[in-house]
Structure formats: structure tokens, C-alpha cells
There are 4 protein chains.
Amino acid sequence: MSSASTLSSICFEQGCWSKGERKIRVGADKRVVKRPSSSMSFRVSASSAEKKDIRIGLLGASGYTGAEIVRLLANHPHFGVTLMTADRKAGQSMDSVFPHLTAQKLPRLISVKDADFSSVDAVFCCLPHGTTQEIIKGLPTALKIVDLSADFRLRDVSEYEEWYGQPHKAVELQKEVVYGLTELLRDDIKKARLVANPGCYPTSVQLPLVPLLKANLIKLENIIIDAKSGVSGAGRGAKEANLYSEIAEGISSYGVTRHRHVPEIEQGLSDVVQSKVTVSFTPHLMPMIRGMQSTIYVEMAPGVRTEDLYQQLKSSYEDEEFVKVLEEGVVPRTHNVRGSNYCFMNVFPDRIPGRAIIISVIDNLVKGASGQALQNLNIMLGLPETMGLLHQPLFP
Amino acid sequence: MSSASTLSSICFEQGCWSKGERKIRVGADKRVVKRPSSSMSFRVSASSAEKKDIRIGLLGASGYTGAEIVRLLANHPHFGVTLMTADRKAGQSMDSVFPHLTAQKLPRLISVKDADFSSVDAVFCCLPHGTTQEIIKGLPTALKIVDLSADFRLRDVSEYEEWYGQPHKAVELQKEVVYGLTELLRDDIKKARLVANPGCYPTSVQLPLVPLLKANLIKLENIIIDAKSGVSGAGRGAKEANLYSEIAEGISSYGVTRHRHVPEIEQGLSDVVQSKVTVSFTPHLMPMIRGMQSTIYVEMAPGVRTEDLYQQLKSSYEDEEFVKVLEEGVVPRTHNVRGSNYCFMNVFPDRIPGRAIIISVIDNLVKGASGQALQNLNIMLGLPETMGLLHQPLFP
Amino acid sequence: MSSASTLSSICFEQGCWSKGERKIRVGADKRVVKRPSSSMSFRVSASSAEKKDIRIGLLGASGYTGAEIVRLLANHPHFGVTLMTADRKAGQSMDSVFPHLTAQKLPRLISVKDADFSSVDAVFCCLPHGTTQEIIKGLPTALKIVDLSADFRLRDVSEYEEWYGQPHKAVELQKEVVYGLTELLRDDIKKARLVANPGCYPTSVQLPLVPLLKANLIKLENIIIDAKSGVSGAGRGAKEANLYSEIAEGISSYGVTRHRHVPEIEQGLSDVVQSKVTVSFTPHLMPMIRGMQSTIYVEMAPGVRTEDLYQQLKSSYEDEEFVKVLEEGVVPRTHNVRGSNYCFMNVFPDRIPGRAIIISVIDNLVKGASGQALQNLNIMLGLPETMGLLHQPLFP
Amino acid sequence: MSSASTLSSICFEQGCWSKGERKIRVGADKRVVKRPSSSMSFRVSASSAEKKDIRIGLLGASGYTGAEIVRLLANHPHFGVTLMTADRKAGQSMDSVFPHLTAQKLPRLISVKDADFSSVDAVFCCLPHGTTQEIIKGLPTALKIVDLSADFRLRDVSEYEEWYGQPHKAVELQKEVVYGLTELLRDDIKKARLVANPGCYPTSVQLPLVPLLKANLIKLENIIIDAKSGVSGAGRGAKEANLYSEIAEGISSYGVTRHRHVPEIEQGLSDVVQSKVTVSFTPHLMPMIRGMQSTIYVEMAPGVRTEDLYQQLKSSYEDEEFVKVLEEGVVPRTHNVRGSNYCFMNVFPDRIPGRAIIISVIDNLVKGASGQALQNLNIMLGLPETMGLLHQPLFP
């Protein structure tokens, strides 16, 4: 089978378009460019699953991260969603739950207990914390799985039980889990069967801090993280606290020192330095839907300058598509990554000698959840990791 | 040249990825799927212009519609931006003006007077009203041009002069202009050299009303349009009235009966019925960045029922990718088209017998501006019109 | 008892401040002004109920309209809240439910069944529709009552049953109810024992339309009301549809032609013209907390000009504190009435000859609910109706 | 003159209402309450200046802080605005500049050079930094002045020149300036003629930190302030960066380590400990109009516990109307002080032993600007400091 015919059976972003070509002359210099001979009689539409060659199951499709997976896969040339579960919405169509996906052809929502997992090749699991372990334990071992819940993120089972207040129900499985912080653990992810997709806060914190800790440029003590998140991170559950009238036009801290992302952050940082790191972590809820910023206050190791931190980050990420260390002095803004898989970061000198301020921003639903999940599955299946993820940020 | 090799030279959404394949077994049933043999050593990045075969000039790149063109073209397999002008920002890099485009490689901004138009194949013109006519008049006649300003939308030169308070400076050129309301004028656009891209309000109003007027289902009199728009439609100019503190948490009408989109709307409707139509049009400014809704109150022709209107719209747009008539009773919401080129619409019965309510929603910067512009240029150059436009809406 | 000593027992906005005075010289001309002799040793605080002479019961204190009553009464010199009920929050303090009221001394929330109504002089009832009729039926007849629910607004009991889908449970009581549209029914309210406080939409619509209909300046047919409301009107109930992520940055119509405020509006307009008026009414949900605008499209009676409408409204409201007809051409904006009891309105010519556009704006929680309720109770108890209501709008 | 007749000439929040009384029986127990005998024939309206006895000049009335002064004074029984300047808007009426003030009778805006300062008793100066020193230098020495600019906040003239980049133009005057952080410097303010009203950030930071530093409960080193502000703090100037489309739905740091409020904060803290304190200060711009939060990360002195910090703040502010230390564990939210003069604060334990997290919130335009200014002028003129300031927060 030639690659041409392979490609002609592939549905990519601009449609299934490789049916021949014609030459026309364009521009002032009448250059010849080629385009499909039959384009006008040929209607391209948003990719539907049946034309794609890798069948994706989506567990927990009625939440924001589930919908975001669907949005991203609409432009993925290989991954077609062929199975979608949502227990409380079982029987409904996806577009009745998320009308913005009306233009796509999607399978009807079913209950997870009715799902035939032999019909899919890989699974994104967007189920709530606590229910995920048992469900994933029951999945066929041939499946590649990216789990977006917190259920497999903590390697230390007792820590899970402490922070989540319930026994871990898949202790054996936990051992083979790979933590999916893509840029830092790419080689492990490549070989993984089950990836625990990182939390949004831990992604925004570890991406800048891990390279700096690895290079011994900052102290382990007194790492202070003032984090700010959009409300979509709280999910679609109907809670008084997340009503428009309660959120708009005001801000507030929440879960001061007790947020469940703390042990995940500390696990990641401690791994690097082979020593227990305790951080100060205060999340704040922002009147915005998407977006997350971590403002991180650190003490530099003796003799280290802000410039050294900058250079370290710059070189750590110079080949990365999705992590951008901005030019010196340019402030990362969440506006500038909205809807995209990018993480923008930068380092600033502090007024207090010996200290530095690190700022990183992501879209909590993309690089902080569904985007990174797709990035991971691309890697697990041997595809270019940017596939389906090169949408540019939506601004304004 | 085979289509395979053609495709291998094309940069599409997921990168320039057709360098061979390997077979691996995935899923529970060990089906064989193919993927690039060398994917891991192969870094895909946001499309840069040099790999693309059609060279695009972008005039007025420092405004929101200019930036939106760039965002959309990032995932277009053929159109590469090779020339960008922005007189007041000449010499700057695009990412200093729009940091959300940092990941893209783009030419430096230059002054329009320094532009070499022989080096491009087509042009998007995002310049302000009033200055556009003279600049377009001076462009090489071989160029395909989509103009996003209002300067060529009004066929009647005297009407332009009345509403814009200045003489038309390209009267001859006006005669060959095609009005770019894609779904309704596709055949003309195919042959056009210069397309006047419709205004956002006129797009949201004409898409539902034109088929109904054509079918004689509604009366010409007393068409009342209560329109609502996000603030981005006002552009990036620094005006007190558009400050966050002036816009957030409140609404207001503006330009009551005097908005410059009125003659454009009336021109479009009058053309259909071959008779002068005068509409009531009241735009309202909404505390949101993107999104536009037209709530249109109409009197039906004698004997016509709301159901007839619905069926007419349904059949008019059944084959369209970008215009969706929702299921009966489903309310179109601007949230559900944000960031996308879709127009959602629906028809509702009024309490007053013989009347109906029509609601249409678009993203004012996409279907209302840059998205429709790209849709038009695709058609003008013989490409599938959806190319680069199949991003799904960003929700939440 | 002298009026001085009376006043010394009254708590007004700036505290209980009348304990004597001293003369000091201020300003360039050393004018003598008087002020309390002991001000510095004298700590003034937000009015607490015990110092006030009219005891107010608040039923349903845990919703937004209940909290708004409390906010307004904090600066009322006579009304002290001495009884607060909230069945689901019984036993809690008000500031645990509404922390913005922390500075006030308020009674603990109790269940309505535990309330001793002999200890209050008047009641604001902020209970949900449907439960209100029975509770009010059971109150002592000596109480003055302002009911903010819809339960007593429709004079025609069968209409209530049609729109609310349940039998009316206080049919006898309904007969003595006075509809509380203050500016238009002030004389009836003066003598009322039970006032049905108008809905927010009906307030914003009737204030401009009633004087025009009374004066026969507009036609009864084809009154088209495109109304827009902030989300707080939907209350504090935890609903997915009202989450920040679902509301922010987008708009949508809701309850098209079926909103429950329709019969109330039509009742009010029909009363004026002694003939059944059917209106077109389409509410829209706006991404803002407070604020409501009704954009009303009307046909003028033969020979009537927009100017006539303007003059009629101007003269109808020239002596009113809370209804302001703006200068000609000035657009009413919801921003400009936020947090206040004002209604701003204006009239504009339409492009279609013989038609006019009327715009009115209010804060849905103040003039559209709790503010008008206080205005009514002031009147019912013989106080100046502006008492406690002269806060200026909060802008920006 | 009796206090009764004095009061009858005073316009307070609920109007000029003391013309006699009548007794009526209200409530179930027919208690006698008194109210004005003539209330129904007596129309109360928003306080107009002529009825008030202290004449206020407002310099720079066309900005947000100027408008906020007017809003607050509308309900002040003594302060009437009789002079308003706004150079660029000279000749206009205030309600054409700020339509939300339409209901008030205000003097026409004039140019500051045309102002007759002999006709006022006190002045609020809301002019821009840099121009203020010279203007205030030229005012009659009999005037009481509260300056809301930064021009007199820094005691050290050279520091002013370093941070503001221009020579200080009123060095002599600087010596007599009193810094107006009301709760901490009340006694000095009482005797002051010219008060430099604190910046919003410095207010939110010093109120919690000063008592803790005074009591030696926290270390001087490594005080890290992550501050968040609404956009109104940036004023009404037309800047691209503050457009709705640039601000909404995203956050960003700005002026990292270089914000001009830094020296003011450090001056205040250094004064307490008689030693130079250097803080880390990073402000963030929030997508909201009003509101400010400072999240402050501190190291406690040896042996000190979070509880000690809490008790210190609790006792420092127990008698204050406007500073509230919330119950333990309750998070201060900017929503809960919106539109009011309150500062809410609390202390939280940090995960890192020996550290604590302090959170304070204010409305930047009220306690952070115009409200505190009024509080100060009340004190300077011997009035109760809460006068005109007891509006409760606007929530939702």
C-alpha cells in the first residue's frame, strides 16, 4: 500500500483531500501552484470518527475535560472517538450536552457498564477522582490509557489515601503507571500503557521548577507558589460557589495550604532532588473561564543570578513546541495561551537580593488537562506528539 | 508528480508528516494501523510560511482581524503569510504586538508603502475604513484580494459617501467587487478578483433573512433587528468607551438607527426582493470579547407558519458546513460558536399571531470577519472552502 | 418629646449622631460650622436593629433579594431586621451565608415555622414562587407585607394557575393585594396591607409603556420587547446553566415567548387600555451579575412623533426621584444604575417611519426587586419613599 | 440654637427629614412609632450641595476616584461639593462625563485655573501624579486638603525623585504632610492640614503587616507580597492595555518588582521597625473592575504561631468599623467588600513550618482611595470618621 493511498484514507484538519490536482497560475508572477482538481464539487466537513484509523474511547464525556478531548480530536488525523460514556447522560447525544460540538458526528453517550472496550484502541479517562481506579482496573490490558483524574498520580499509595480520604483500589496497577508530564518524562511515556495525566497546577509548577532544581540553581526551602486559576478547573458540577454571580468581578483564595495538588507537586519536586520538598502553595480562583498562572517565589542557590535561571530554562526548552521561555522582561499572560497547549514562562529578578520570581501560564483545560493528555497518547502510539495540538491561542 | 509526493511537500495542521510509515498493532484486537516510521525523531511545529505554496500578504496586521487571519492561517496547509504591514508598528515583530502568536515564524511588520506586492499571490486587507480604497486601487491586478473593511461593501457609491462622509476613491474598482457572503454568493466569489468581505452584523442578519425573503415567507415591512455584539468588534484602538471598567458588568445600545452596517444590510435584503427594504436595527454592546447575536422579529406572509420558516432555512443550509439550523426549540448561544466559523440559527414562534422570532449567532471575528475572509479566499483560489477553518468552537 | 430627642434615638446612615455640638471655624473665610462635640470619642457603626423603631421580618433571607433587603436596610433609619428565616440555613448566622454582611449585627437565621410574627411590624417575603401563598395566608393580619415572589402578582387566579402549573392557594387574599409598581400605583400602595412587588422585567417594561399607552401615543399591537438581564435574576440556586463557565463571555435568549413575566406585563398594559394586549417578549441572559435593559419597539399612533413620546415620559416622571428620562439622544446604560433604585429611560426614533424605540434600564435586584420593595414599605408605613434608597449607582 | 433645629437644616442619607412627627400604631401589638407628619407631601431627593454646611472642592473630577468621591458625598450630611475641576472636560456637566451621577445636582466642571478656592472649606485632590505638587502648593493655607495622588506620600524627597523621575516641586510642603492610613495614624490625621492619602496596594499591605511588625511577630526579611488588583486602579485613561478585550478572561503580572507603590510600602514598614525593610512585591492585574487582594507570605519570629498573629490582628482592630479580622479559617474575598470602605483580613498557617499566609482585601476605589480620603477628611474636620461611609458592600 503506497503512502499516497494511505493518506487518501486519512481525514486531516482540512478534510480528506487528496483526490488529484490541477495546476493554476496565481499571483503577480503567475507561479504554478497545485490544488485539487475537483475541489468545488467536494464538500469537506469536520472529521468524523469512522474515517480515522485509531479508535478512541472517551470515559466521562459530559465534563469539561471530556468535551475538550472531543474538540481537540476533531482535528486529529488518526484518532476517532468511537465510544463515549457518561453515566448520568447515558442515552443522550453529545450535542445535547455540549451544543458547541453540534457540527461533529459522534457516538451516542452510553453508560460505562455498557461499553464494549474491545472495540477501541485507546482510552481517555475523564472520570471523577475516586471512581477511576476500579474502572481502569477492569479495562482490557491491551488498551493504551491516559487517565485525567488524580487517581493514579501519587506513587505513594498511603499519600493518596491521606489526601483523598479513601483506600486506593488499584495498588498493583499503580506500580506500572507513568506520570505524564510530557516534556520531562517523554521517554517513559513512550513505553507506558497507563499514563496518569498531571494536574493543572502541578503542570504549571513543575515545568519551570524541575529544570532549575535539577541544575541546583534554586534552594529546596521556602518555595512559595501563589497560583491563580480560571473556574473551569472546578468542572461542570452545579455548585453555588461557582455560579456566575459568585465568581464574576472578584477573587479569592481557596484550599489555602490544603489543596490536593500539593502532594503531586511535592512528589515531582522531591523526585528531582531525591529529598522531601515541602512547598507553600496557595491557589486563587479567578473570574475567568480558562487560564492558570503560577507565580513562584524562590531563593537562588549561592552565587546564582536570575540570568542563570533564565538560561537554564531557555536551554531546557529550546526544542520544545509547547513550552516557550519568553524574551527577557516579557511577562507571560494567560490570555496568550488560551485554548492552546502552550506553556509560556519567564524569570524575573526580585527586589530582595538572592531571590527570583518565576511566572508560568497555561490553559488549565489544554496543557493542564486534555491537551497534555492528547500529547501523551500521541507519544504512546508513536505519533508526532504535536498532532492535533497546533491550534494557536485564541486572542482576543 | 504523484499526489503522494505532492502531499509530502504540504504542511498541514498536524505538521509535514508523510515520510513513510510503520505498522504497529494497537487495541484489544491487535489491528494493524500505520504511522510514520520516524515520528519520534521528527519534531513537528506550527506551520511556518516558507513551507507553504501560496504566499499571502496581510495589510493591517496589528488589529484584531489581522491577528485572527494569522491565527487561522497557522493551520492552513497552503496559505503562508510572507508579507505583513502595520504602519504604526512598522519594524516590530508580530509577537511583540500579539504575543499569543509567539510560536509562529512570521515576517517582520513593515509599512504598507514599503511592501513588495510582486512577492505575494493574494492579500487580506484589514485596514481601516476610508484608507482602504486608495491602497487597494494601487495593488497589482494579478492579486486576489479579500478586503475586510467597509470600503467596498456598498455598491451604490453615493450611499457610501452618505454614510461614511467622504468621497469614494475607487469608483471604477467598485464595479468589479463581489460581495463575499459566502454561502449566498459562492458562484460569484469563485470568479472574483476583489471580494468585499461582509460586516459582522450584516452576516448574522442576511444569512437567516435572505432565504426567507427569497421564498416570500416574510414581509418586507417592519423587520426589527435587535443585535448584540462583543467588544472586539470595536477593534483594538484605545478608546475610553471600550475600557474594561466601562464595558464589564453592563450593557448598552449604541448607534441606535445610525449604525453604518444598516445600508449594507438593507442593500442585501433589497437585492433579494428587488425593492427597497428599510429595517429597524439597534446594536447593543455586550460585556464579552467575541460573539454576536441577532434577534430578528418578523411578520410572516399570510398563511405562513413558523414551521415553514424553519423548513426553508433547514433546506437552504442542509449541505453547508458552517451554517447550522439547530433542532427545533434549541436556542443558539454565542458560547457555542466562539472561536469558530460557524453560524447557528433557529426560528421561534412569537406570542403575537403571524409573527416569528429568528435568532442567529456567530463569532464576530471569525464568520463575522477573518474566518469568512479565509473561506472566500479558499474559494477564489479553487481550494475547499473549509480549509483551515474546521477548528471546533472553544467552550467553555 | 421634642423632635431633637426623637432624632437622637434614631439611627441614620451616618450613625446615631446628635449628642450635642461644638462650633469650629473652617475654610478660608472661617465660617462657623457645627458638629458633634464629642465626635472623636464616639464610635459610629453600621446600624444595628435594636436601635430602630420599626421591626422588620425577612422571610427567605438566604437568597439574593433577601440579602439585598438587608444591605439596603443597613442605612435605613427606622427599619431594623429583627427576624430572619431561611429554612435550609436555619441555625446559621447571616454572615456565614453572606459574608459581605459581616459588619452588621443581625439575628440568627431560623426556620419560618419557628418564627414569632407577633414580634415584628412588617415583613418582606423573599420566598420562592409556589410556597409563598400559604405562608402569607398564615401571617397575622396586622402585619404590613411586601411579597417579592410572583405568587400574588396576577390578579386573575386562573392565569396564575396556567402559567405556574398549580392551584392558587390564597384566592381570597389575592383580592386585597395591591400591585407594587410604585410610581404608577402610589396611592393604592399607601393604603395596602399586602403588596405584590413587581417582577424585574415587568418593572422595566411598564414604567415606560404605561404613560405612553395612557396617553394613546402608541398602538397596542406589535409591541416588541427585547429584554436583557443579568444572571442574579436567576437567584442563588446551584444550576449548571448559571455557572460562571457557562455564562461568561456569551449571551443567549431563554424562555422565548414563554417567560412567566409575560402575563404580568400584559396584565399591566391591558389594565391601562381596558383591552387585552399581547406582547412579544424575548428575554436574554447577559454575562453580568446585575442590570436589566428592555429595548422596546413600538408603532406610534397616527400623527404621533418620537418627540411626543419623549415629552410624555418627561412630564410623567419629572417629579420622580427614581425614574429619570435622560436628555435627548443619551443612551441609558445598565452600568449607570448598578446597585441603585433608579430607572433610566429614553426614546429614540426608528429608521422605519411611524415606529419608535424605547430603552429602559434598571438594576434587577434593586428597582427590579428589593429596592422597589423597600420603596413600597416606606409608603405603606407613611415614611418618605426614598428613605434608605438614595445610594448612588456604583460605577465603575 | 437647639440641636433639633440644627438637624432640621441638615441633609442626611434619607433626606432633610425632621419636620415634625405623628404617631401611628404598627404591627401586631399596635406599638406606637413616630414618623413625619407630612411625609407624603414631602419629596426627598439625593442630597444637593447647597443644603450642606461644609463646602467641598474636588480637583480632578473626571477620573474614577473623583467620581467615587461624589458618589460617597451624595449621602454625607455635611459635605457638599460646590467646586469641581477637570481641565480637559471644563465646561461640561458632570453627568455628561459620569451619567451614573445624573440624579445629583452638581456644579459644572471648570478648569483648575478658574477655580475660586476661597469659596470652599476643604479639597479632595484627585489629580495625576506629577501635576499635583504645584497645584496644592498654590492653594490657600486655610484649606483642609486630602490628596489622593502619590505626590506627597514619600517623605524622602529623593526617593520620590528616583521613582517618579522628576524633581519634587513642593519640598517645604512635604514636611507638614501627614500620611493618611487612617486606622494607624488617626491622631496625626486629626491635626493635619494636608493628608497624603495612601495608595491602594500600600493600604492593603500595611493594615495587616504594621501591627504584626510592631509586635515583633514576623521577621523583616523575605516578606513576599503577591498582590492582585481590579482594573479600575489604572484609571479612566484610554490605553490599549486596559481595553475590555485585552483584560477580560485572563490575568497577568505587571510592573514586577518595579511598581511605584513599593517605596510607599517599604516606607511604612520601615517606620515601624526603625530599619530599612525591603519587600518582594508583585502586582497582578485581574479581570474585574474593583477589588484588591494582597496575599502576603511571611516568616514568623522564633516561637511565634499563626494563632499569635491572628490574635494580634484581632485585638488591634477590634474597635474598628472598617477593618474586620474574619473568623478563623474564613477566607477574605474581594466580592465581600465591593463598593464599601471595609478591609477584611485573615491569617492562615503555611505548610512550611514557621511561615504564615496573610490575606487582606479591599475595594481599591473606596478603602484604597476615595473612601479612605473621606474617612480622613471626616477626622480632619472633627466629624465621626464613618460619616457617609457606612454603605454595605454590593454583593452579588
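All values below were derived from every heavy atom in this structure, side-chain atoms included, with hydrogens, water molecules and symmetry-related copies excluded. Chain identifiers are assigned alphabetically (A, B, ...) following the order of the sequence lines, protein sequences preceding nucleic acid strands; residue numbering begins at 1 within each chain.
- Counting heavy atoms from C-beta outward, C/S340 and C/H391 have side chains that stay 4.5 Å or more apart.
- Proximity to chain C involves both the backbone and the side chain of B/I289, based on heavy atoms less than 4.5 angstrom apart.
- For chain B, the option among C/F395, C/F348, C/Y297 with the highest count of heavy-atom pairs below 4.5 Å is C/Y297.
- Between B/D363 and B/Y342 there is no side-chain heavy-atom pair separated by less than 4.5 Å.
- When side chains are defined from C-beta on, C/D308 does not count as touching C/M300, because their heavy atoms never get closer than 4.5 Å.
- With a 4.5 Å cut-off on non-hydrogen atoms, C/R351 touches chain B through its backbone and its side chain both.
- B/N222 touches chain C through backbone and side chain together, each having a heavy atom under 4.5 Å away.
- When heavy atoms are compared at a cutoff of 4.5 Å, B/R355 approaches chain C solely by way of its side chain, counted from C-beta outward.
- With contacts defined as side-chain heavy-atom distances shorter than 4.5 Å, the pair C/Y317/C/P211 qualifies.
- Interface remark: B/I247 contributes backbone atoms only to the contact with chain C (heavy atom separation under 4.5 Å).
- Taking a cutoff of 4.0 Å between a charged side-chain nitrogen and a carboxylate oxygen, B/E249 and C/R290 do not qualify as a salt bridge.
- In this structure, chain C has a heavy atom under 4.5 Å from the backbone of B/P332, while its side chain stays farther away.
- Top candidate by heavy-atom pairs under 4.5 Å with chain B, chosen from C/L243, C/I352, C/D350, C/I251, is C/I251.
- Contact count versus chain C (heavy atoms, under 4.5 Å) is highest, among B/V256, B/V331, B/I224, for B/I224.
- Heavy atoms closer than 4.5 Å to chain C are found nowhere in B/E221, neither backbone nor side chain.
- When heavy atoms are compared at a cutoff of 4.5 Å, B/V279 approaches chain C solely by way of its backbone atoms N, CA, C and O.
- Taking the six-membered ring where the residue is Trp, the centroids of B/F281 and B/H261 are separated by 6.0 Å or more.
- Of the two parts of B/L285, neither the backbone nor the side chain holds a non-hydrogen atom closer than 4.5 Å to a non-hydrogen atom of chain C.
- In terms of heavy-atom pairs under 4.5 angstrom with chain C, the leader among B/G230, B/G250, B/S245, B/P287 is B/G250.
- In this structure, the side chains of C/I296 and C/I357 stay at 4.5 Å or more apart for every pair of heavy atoms.
- Geometrically, C/R71 does not engage C/F98 in a cation-pi contact defined by less than 6.0 Å to the ring centre and at most 45° from the axis.
- Taking the six-membered ring for Trp and thresholds of 30 and 60 degrees, C/Y201 and C/Y254 have ring planes inclined between 30 and 60 degrees apart.
- Contact count against chain C (heavy-atom pairs under 4.5 Å) is highest for B/T282 among B/T282, B/V361, B/I359.
- Of all the listed residues (B/N336, B/V337, B/I223, B/V262), the one sharing the greatest number of non-hydrogen pairs under 4.5 Å with chain C is B/V262.
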